[in-house]
Chemist: 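I'd like to ask you about the structure that follows.
Naming: A, B, ... by sequence-line order, numbering from 1 per chain.
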Amino acid sequence: MLLPKITTFFNRSLTAKQLKQLHGFILVQGLNHLEGLIIRDLITSQSDYSQSISHYLRLILHHSALPDVDSATSAMRYFCKHGGYHEAFDLYVGLQRSGLSPSTFTVASALKACARIGDGNGGIMIHGQVYKYGFCGDVYVETALVGVYTKLGDMETAHKVFDEMSERNVVSWNSMIDGYLRSGDFATAEVVFSGVPNKDVVSWNSMVSGYSRTGDMEKALKLFDEMPERNLISWNAMISGYIECGKLDLARKFYDSMLQRNTISCITMIGGYSKCGDIVSARKLFSETDRMDHLLYNAMIACYAKNSRPKEALQLFDEMLQTNVNIQPNKMTLATVISACSQLGDLTFGSWIHEHYMNQTGITMDDHLRTALIDLYAKCGSIDKAFKLFHNLQNKDVVAYTAMILGCGINGKQQIAIKLFDEMTESKIRPNLVTFSGLLTALSHVGMVEESYHRFNSMKRYGLVPTPNHFSLMVEILGRAGRLEEAHNLIKSMPMEPDAGVWGALLLACSTHNDVELGEIAAKHCFELEADSSGYGSLLANIYSSVGRWEDAKRLRKSIHEKGLVKVPGSSWMDHLQE
DNA sequence: CTAGGGTTAG
């Protein structure tokens, strides 16, 4: 007779905490079949999305028998809404296993989850079940199916499903437009767009952002002006389009002329400033914002981290946790903060986040975070920890491999670095410019000149054009082996202007091999390219000393000293040398 | 219930 009493508690908008207590009680009483009601209430409760609810939902779903179909469907929709597409899909699979028949809502949610994950197999499987359950005539289900295929880029099948629909709504049309735009078929997208019976603001927005993504701002602007109705998304699409093609001032003009903005308008703008290194404007915008949230903090912290200002990044992270601010970080925050730690070589703080903070806050690990940690541990010498994390990756992508290759390189495991590189290319993951920087850095620590040449030359095969950084690594490798003339020739063969890094590498090599003639040439270029750095002068002075040219060394050191006191504009150190 | 915007790791 306990049962009716308990059920009266439900549907009364209990708080998450109260529901939690109720759940405990139910379990103690052995009334597990009521768990579904708890889930439903958790979902429909007025409380905002919070990590505790989501965490709690996961617990219920993983530890107990599945509830009824409607509750499971509600949970799936809840997960979809908050990005838990994998959970939603798992739930669907669980539903299937326990022999429960899904409703059209269930199937539509599951399809949405597949579309967002990009799970083609899952989508096709459910497509089959749509026929089995006789859901073919349902607009929502069929629209969701179109969504699966457009997101996969399979416009042929999408078109087929769309064609066979007995009834279409504006969402079905919009999905098709979006699909064509994403596959780069603007002509067909235009045709479909003009054929939509009742265009809504989404149809227009899809077109605008389709063009703005590719940087065709003329077309985007034309559509934007023609739109009968605009919303925040239309404006934000214009802002990000202008940022994409480097027109920060125009982006800002749009931003300023918005009557109301949201967080995304602001973080788009901050991201734009971040990309072009304008930390000051980014910070100004950030500080002027009145409604703070974790996205804004993430954007600003990322701006600092990306622009080599790890200290400021950590400071802002600290500010975010202060009780008067009290904004909860998420995975992205932590990934960025860990990257700042590894720039600073701060293993203590970084591993504290890994070992304690994540447990405290219930933030779970993902591959982005793992990769950031791999980089941190590897750069701080804990290569074993890095390896452990590397093996735990769900899927190893080019970024993870690059971090590991570089990590092996700086920890004296060059052979493993090469092995990892080959393993990566064999599994059809394409290396990029950063990967080669990592590999060449690894090789520069040992005298493997031929191996380095081989790898350097192989860049072409991947369609990669070496940057000055790659050349300077090669110069360093040749220089270490004492092949200075060869290094000099490589520099002369560069298709672009060598930078100070390249000449600096040669100068350093000359100083270890006491080569005056080439050293002077290298130093001359360094002075021209980076007149305010005194390090080059010291290197050349060392070369002079090593061959007994004490007078030259003395004169050079003196002028370095003077330069530290009085800055002479336009004066090259070579002028002093050639006196 | 379906569609549309931004941010994270080398």
Side-chain angles (χ1 to χ4, degrees), chain A residues 73-74 76-77 80-81 103-109 111-112 115 138-148 150-151 168-179 181 200-210 212-213 231-241 243 262-272 274 293-303 305-306 329-340 342 366-376 378-379 389 393 397-407 431-438 441:
Chain A
T73 307
S74 301
M76 284 172 66
R77 283 178 38 211
C80 278
K81 196 171 162 192
S103 67
T104 52
F105 302 148
T106 325
V107 171
S109 283
L111 285 170
K112 182 185 176 174
D138 187 276
V139 215
Y140 295 123
V141 170
E142 290 203 293
T143 301
L145 263 177
V146 172
V148 167
T150 54
K151 286 242 162 37
R168 298 174 195 105
N169 60 23
V170 69
V171 180
S172 333
W173 286 93
N174 290 345
S175 284
M176 289 302 285
I177 295 176
D178 184 61
L181 288 169
D200 66 357
V201 66
V202 179
S203 327
W204 286 91
N205 280 344
S206 299
M207 291 303 289
V208 171
S209 48
S212 79
R213 264 196 305 269
N231 61 15
L232 276 170
I233 293 170
S234 334
W235 285 87
N236 290 343
M238 291 302 285
I239 294 176
S240 56
I243 286 171
N262 61 4
T263 298
I264 293 180
S265 333
C266 190
I267 64 177
T268 307
M269 213 48 234
I270 290 177
S274 173
D293 63 9
H294 67 282
L295 294 173
L296 272 160
Y297 268 91
N298 285 359
M300 195 59 223
I301 294 173
C303 174
K306 267 265 164 0
N330 63 6
K331 286 178 201 213
M332 295 177 192
T333 327
L334 296 191
T336 316
V337 167
I338 289 164
S339 132
S342 77
D366 70 355
D367 279 0
H368 276 289
L369 254 168
R370 260 192 207 96
T371 309
L373 284 165
I374 288 171
D375 180 61
L376 171 79
K379 284 207 174 112
L389 285 157
L393 284 168
D397 65 0
V398 62
V399 184
Y401 267 108
T402 302
M404 212 54 227
I405 289 168
L406 180 66
N432 59 26
L433 290 170
V434 189
T435 320
F436 274 100
S437 287
T441 304

Chemist: Base, sugar-phosphate alone, or nothing: which one does A:Thr435 contact when heavy atoms must sit under 4.0 Å apart?
Modeler: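 The residue A:Thr435 makes base contact.
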
Chemist: Who are the side chain to side chain contact (heavy atoms under 4.5 Å, CB included) partners of A:Asn298, not counting sequence neighbours?
Modeler: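 Once residues adjacent in sequence are excluded, the partners of A:Asn298 under the side chain to side chain contact (heavy atoms under 4.5 Å, CB included) criterion are A:His294, A:Met320, A:Asn330, A:Met332, A:Thr333.
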
Chemist: Which nucleotide sits closest to the side chain of A:Leu406: B:dT2, B:dG10, B:dG4?
Modeler: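 Output: B:dG10.
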
Chemist: Considering only B:dG10, B:dG4, B:dT2, which nucleotide approaches the side chain of A:Thr402 most closely?
Modeler: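 For A:Thr402, the side-chain atoms sit closest to B:dG10.
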
Chemist: Going by side chain to side chain donor-acceptor pair (under 3.5 Å), name the residues that satisfy it together with A:Thr104, two or more places apart in sequence or in a different chain.
Modeler: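 Side chain to side chain donor-acceptor pair (under 3.5 Å) check on A:Thr104 returns nothing, list empty.
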
Chemist: Side chain of A:Thr268, backbone of A:Ser240: donor and acceptor closer than 3.5 Å?
Modeler: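 Here the side-chain-to-backbone pair does not exist.
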
Chemist: Check whether the side chains of A:Ser103 and A:Thr106 place a donor and an acceptor atom closer than 3.5 Å, and report yes or no.
Modeler: yes

Chemist: Ignoring backbone atoms, test whether A:Lys151 places a side-chain nitrogen or oxygen under 4.0 Å from the OP1 or OP2 oxygen of B:dG4.
Modeler: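 Answer is yes, contact under 4.0 Å.
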
Chemist: Of the nucleotides B:dG10, B:dG5, B:dT2, which one has an atom closest to the side chain of A:Ile233?
Modeler: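 The nucleotide sitting nearest to the side chain is B:dG5.
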
Chemist: Residues in side chain to side chain contact (heavy atoms under 4.5 Å, CB included) with A:Asp366, at least two apart?
Modeler: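 By the side chain to side chain contact (heavy atoms under 4.5 Å, CB included) rule, A:Asp366 matches A:Lys331, A:His368, A:Leu369.
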
Chemist: For A:Met176 and B:dT2, give me the distance from atom CE to atom P, rounded to whole Å.
Modeler: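 These atoms are roughly 19 Å apart.
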
Chemist: For A:Asp138, check salt bridge (Lys or Arg N to Asp or Glu O under 4.0 Å) against everything at least two apart and list the hits.
Modeler: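 With sequence neighbours excluded, A:Asp138 shows a salt bridge (Lys or Arg N to Asp or Glu O under 4.0 Å) to no residue whatsoever.
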
Chemist: For the pair made of CG in A:Asp178 and C1' in B:dT2, what is the distance, rounded to whole Å?
Modeler: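 So the CG-C1' distance, A:Asp178 to B:dT2, works out to 13 Å.
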
Chemist: Hey, what are the protein-to-nucleotides 6-8 of chain B N/O distances that come in under 3.5 Å?
Modeler:
unit_1: B:dT8; atom_1: O4; unit_2: A:His368; atom_2: NE2; d: 3.4

Chemist: Could you give the CH2-to-C1' distance, from A:Trp173 to B:dT2, as a whole number of Å?
Modeler: 16 Å

Chemist: In whole angstrom, give the distance that lies between atom CZ of A:Arg370 and atom C1' of B:dA9.
Modeler: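 From A:Arg370 CZ to B:dA9 C1': 12 Å.
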
Chemist: Rounded to the nearest angstrom, tell me the gap between atom CD in A:Glu142 and atom P in B:dT2.
Modeler: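 Distance, rounded to whole Å: 16 Å.
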
Chemist: Test of understanding: with side chain to side chain donor-acceptor pair (under 3.5 Å), list the residues that count as partners of A:Lys306, not counting sequence neighbours.
Modeler: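 In terms of side chain to side chain donor-acceptor pair (under 3.5 Å), with neighbours along the sequence ignored, A:Lys306 is linked to no residue.
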
Chemist: How long is the line joining CG of A:Leu373 and C1' of B:dG10, in whole Å?
Modeler: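 So the two atoms are 13 Å apart, to the nearest Å.
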
Chemist: Ignoring backbone atoms, establish whether A:Ser339 has a side-chain N or O less than 4.0 Å from OP1 or OP2 of B:dG10.
Modeler: yes

